[in-house]
Amino acid sequence: MIPTLLGVIMITFILFNVVGGSPAAMTLGKHVTPLALEEFDEVRGRNKPLFVGNWTSTRAYGNFDFATTIGSWKSVDGADSLSGEDSGGLILRKDALYPVPFAFPPRANAAYRWKIRYRLKEGPAELMWRDASTAESRSIALEPSSDWRTEYIRFETGEHPGNLEMKFELSGSDLEISRLELTRKTAHFFDSQLMFYLAQLCPLGIRDTEAGGRVLYWKGVDLGTSSNTNQRVSRMLKDGILPSLSLTIPIFAIGLVLSVSLSLVCAFFRNRLIDRLLVVGSVVLMSVNYIIWIVAMQYWLGFKLSWFPVWGYESPYYLALPILIGVVSGLGGSVRFYRTVMLDEMYKDYVRTAFAKGVSRPVVLFKHVLKNAMIPILTSCVIAIAFLYTGSLLLESFFGIPGLGYIGINAINSSDIDVIRAVVLIGALIYMAANLLTDIFYALVDPRVRLG
Amino acid sequence: MKNDSGSLLKVDDLRVYFRSYGQTVRAVDGVSLKVGRGETVGLVGESGCGKSTLGNAILRLVDIESGSLDFDGTDISSFAKRRLTEFREKAQMVFQDPFQSLNPRMTVGRAIEEVLYVHRKGDRMERRRKVAQLLEAVGLDASFADRYPHEFSGGQRQRIGIARALAVDPVLLIADEPVSALDVSVQVQILNLLKDLQKNFNLSFLFIAHDLAVVRYMCDRILVMYLGRIVEESPASELYDCACHPYTEALLSAIPDVDRSLSDKGKQARIVLSGDVPSPTMVTPGCPFHQRCHRVRPECKTNVPVFREISPGHFSACHFAEELMGKEDAGFRIPDAG
Amino acid sequence: MSTQMDNVSAESRSLWGDAWRRLRKNRLALWCLVVVVIYTVTAFYGEVQYRYYQFKDEQPSYQRPDLDSQYLAPSLTRVLKGEDRAGRSVVKELLRHPCGTDGLGRDVLARLVQGTRIAFLVGIVTSIIAIPIGVILGCLAGYFGGKVDDFIVWLYTTMASIPGLLFILAIAMVVGQGLLGVYLGIGLTTWVGLCRLIRGEVIKHKSSTYVTAARALGLGHARIIFRHILPNVFHIVIVTFTIRFPQAISTEVFLSFLGIGVQGEPSWGIMISNSRLRLWQGVWWEMTFVTIAIFLVVLAFNLLGDALRDALDPRLREAG
């Protein structure tokens, strides 16, 4: 159970952080300031290295590929693009001062590091920075080098980084820059996206007890914030549970009763007309696409005949149509499967013995076959509960029922990463809980199985 | 028949333990035996005594706990996989279940040819020829090579299994209950085939069975196994006349004797062992057989008997083996097996 | 010392041959096979069409709007209603837009053909992804046991815990536009079932005598797994394929309906989505024909899968 849980967490992490990359651009769109993007990432702990690391990228200075453009340097007088080089570059002509064009001021009390790949025929060329409020100023000289050379320059910000001025001061010759990157130092080596995520799921705090000691406690899971509605995701999910259950539980219960009854009928009238009809019917029902069920029923029963409402969550009546669809669409597969289970059971030796002893058919069916067949049936049911979770995705979206499925689909459409991730995680948890229940149930019911 | 210049197979104090969930099953618990060139050695015992495991262990199909396995002068007990391939050409096994020992999806010819291919014996043409030879050597028509296992009867499948085992030109064949799953009429055919093959191909056999009558027909020397240990070893000619271990007595008494009439009680009576075979996970103090022994005495419960030579070539692990040797009713006559 | 064989037929009978023979006797299965073949040919034709337009770098005919022919009912309906044929003969009119046109005047039948192409692409590619993964991992887990098995079981248990459709949607969303997301999403989630089944069967076969014999004969692990065990469990792969294929198609319909996956090409899901609202206005043909198209192929595969399972069941094979 635990390894699986860890596995699920890892997979959600890989899917949404590693592969997914930066959702900020995806969610907020193109015409948004770097500061807004950075803040988005900050809240979600994404402006950190993935697993471990000391340095992380920052949008305070946008890294430009000098091949195509010199980017924010365009606003700086005298900065020009270096022509004739394969990967492009920036050229700062000698005898001038060039302020570094930050997108937004770097954060307070943090360490940053430039990575600069440059060429300098002769010096001096200095990078100097000054905190206007404290009037402190520092500078680092770049060593002249006729070949391309990579250097790292560290600097630290004070209390009021808004007043930071940083400029290149050149006297000797032109400074050619082919790469210029800014990274920020992380709080510690393990300050990463992974740790952030784990901390979100399992935030621990220390609290003083009455006895005077201190104890570790769990603050309750933080599933993030929706980029769509800006609500706490945990809140959204909590609101969505009831509508979802009001759909899934009736579908499950009615479906179960109906399929078991129909499969009993099949077993009872084995190979007679009604059995064959049911078998054919099940396969046909199974083959109709779920969407078609929804669209067709909505059209016929909702629109043409106006028996049921098609959208909304006003009263229980609004649930009638989706429940009907959920039951009918699942009927085909269930009846087929249960019928097989029943028939397998009926062919067993103890049943034949019962018939030979003269026990009548219905009694055999109900007393013996049903009881033993229920084991695999209920086992598959508990798993089916977990699958109802996704079935409701479509039903809720099409009928406007504000449950977890509806939330999920909306999140997919609006690329609301936090919500999707939470929905996936909760879905996995439900599945694992269902599995656990199945194991327990099996142990209780099947006298041959022993726990552990 | 026995080549005195060293035995082909020499097993010394071999142990095979299976471990699971904290329990240890001592399937083979200190077995030593020898098979000389051209010899047929029989190994008998009840189900679960460890004889099949012993056979598997000799072929290194299961892991050995301790002990040495000496084949043709080389100790193979600790051979890694690569060197075992060579050894696999020298010793092979004929399996008990003819219905399961052949891959149902491969033609018989391909199954045998594959063995030749893996051991790089000749090109395509030569392999095909060898397959035909082998099939004929076991009494089947060469054209059967293109048929599938399910098209054959049990006896025929067993012949195919033998042919396959012979494909690598082994010198030692371990036959693990090769006829137990066959009809009685077919059993004799297969046994005779094995005898012929032994002559034609210069084979040595380790013949594992639970049926003493079968073993008598085939073997030069017989070992009796109980709960992972050898309790008696004797030349075949002697064993049936004078068994020196109570367990062997009991086994011998169980052989159906058509000539024995109901009135012939007394010394020809069936010995029925009491109790069940104890679980191989528990180590019994004293003699491992004492709980079921019909001749049990107080010292059997505490002292472990030593496996020792009672008379030339005849060993036993019973405290009173010598007494049994001399006793008149210690032997049983078997009518000549057909 | 030749032995007699009473019941040997003239030709050797492999297990596959037996299965095929049994399948042939099943009338319904044969019809399903015919349907599947027809669909496959259609899909192939659709692919040729697609490539042709790619090559010529022009907008395909099934995507080109023709606003003069919007919402034409199917030809049979038009003819029966006696609509104006603009001088065409009855036969010609019947051949013109037999399934009607959609909101932009595009021929429904041509779009259905393209939809078939996409459906089959998805079915085949996802099978190419999922089947090897499932089979190889299942074999490794079943044969080697121990830590390898523990790891693979952990892996598929974890993957199976994540709700299927959601997982696929998330993968598709993360990977981005186009069919690649659909392929990866479906492919990377559906190998689990197959892996479980194969693992179970391999474990059973591993302890059977012919495998022990193979080891005694000095055959290597790879050979035993792929040449001996795998052919004996392969029937599971085939049956699983016939189940997964229609499931993949259905899932693709969901995805394209929701706007994820293929863009700018007529997938069945997109067609349903387009025609959904028109239904209310009495335009029934696009929705109906798409429904029938999907239904028939899924039904055919389901029935074929059942028949195959019966035909391939080795339990019926044990001559004993």
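Note: hydrogens, waters and symmetry copies are ignored here, and every other heavy atom, side chains too, is used. Within every chain, numbering begins at 1; the chains are lettered A, B, ... in the order of the sequence lines, protein sequences first and strands thereafter.
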Enquirer: Can you tell which of C:I294, C:V297, C:L169, C:V290 has the highest number of heavy-atom pairs within less than 4.5 Å of chain A?
Expert: C:L169
Enquirer: Could you tell me which portion of A:L15 (side chain, backbone, both or neither) has an atom closer than 4.5 angstrom to a non-hydrogen atom of chain C?
Expert: both
Enquirer: Under 6.0 Å between ring centres: does that hold for C:F257 and A:F398?
Expert: yes
Enquirer: Going from CG on A:L425 to CD1 on C:I162, what distance comes out if it is rounded to the nearest 0.5 angstrom?
Expert: 8.5 Å
Enquirer: Where does A:L429 contact chain C at under 4.5 Å (heavy atoms): side chain, backbone, both or neither?
Expert: neither
Enquirer: Counting only non-hydrogen atoms closer than 4.5 Å, does A:I291 touch chain C with its backbone (N, CA, C, O), its side chain (CB onward), both, or neither?
Expert: both
Enquirer: According to side chain to side chain donor-acceptor pair (under 3.5 Å), does anything in residues 148-171 of chain C pair up with another residue at least two apart or in another chain? List the pairs.
Expert: C:D149-C:R199
Enquirer: Residues two or more places apart in sequence or in another chain: which of them pass ring-ring contact (aromatic ring centres under 6.0 Å, His included) with A:F40?
Expert: none
Enquirer: Nearest heavy-atom pair of C:F295 and A:V284: which atoms, and what distance?
Expert: CE1-O, 3.5 Å
Enquirer: Just checking heavy atoms, which of residues 178-190 of chain C are less than 4.5 Å from chain A?
Expert: none
Enquirer: Where does A:I417 contact chain C at under 4.5 Å (heavy atoms): side chain, backbone, both or neither?
Expert: side chain
Enquirer: Please list, in residue-number order, every residue in residues 258-271 of chain C that has a heavy atom less than 4.5 Å from any heavy atom of chain A; write 'none' if there are none.
Expert: C:L258, C:I260
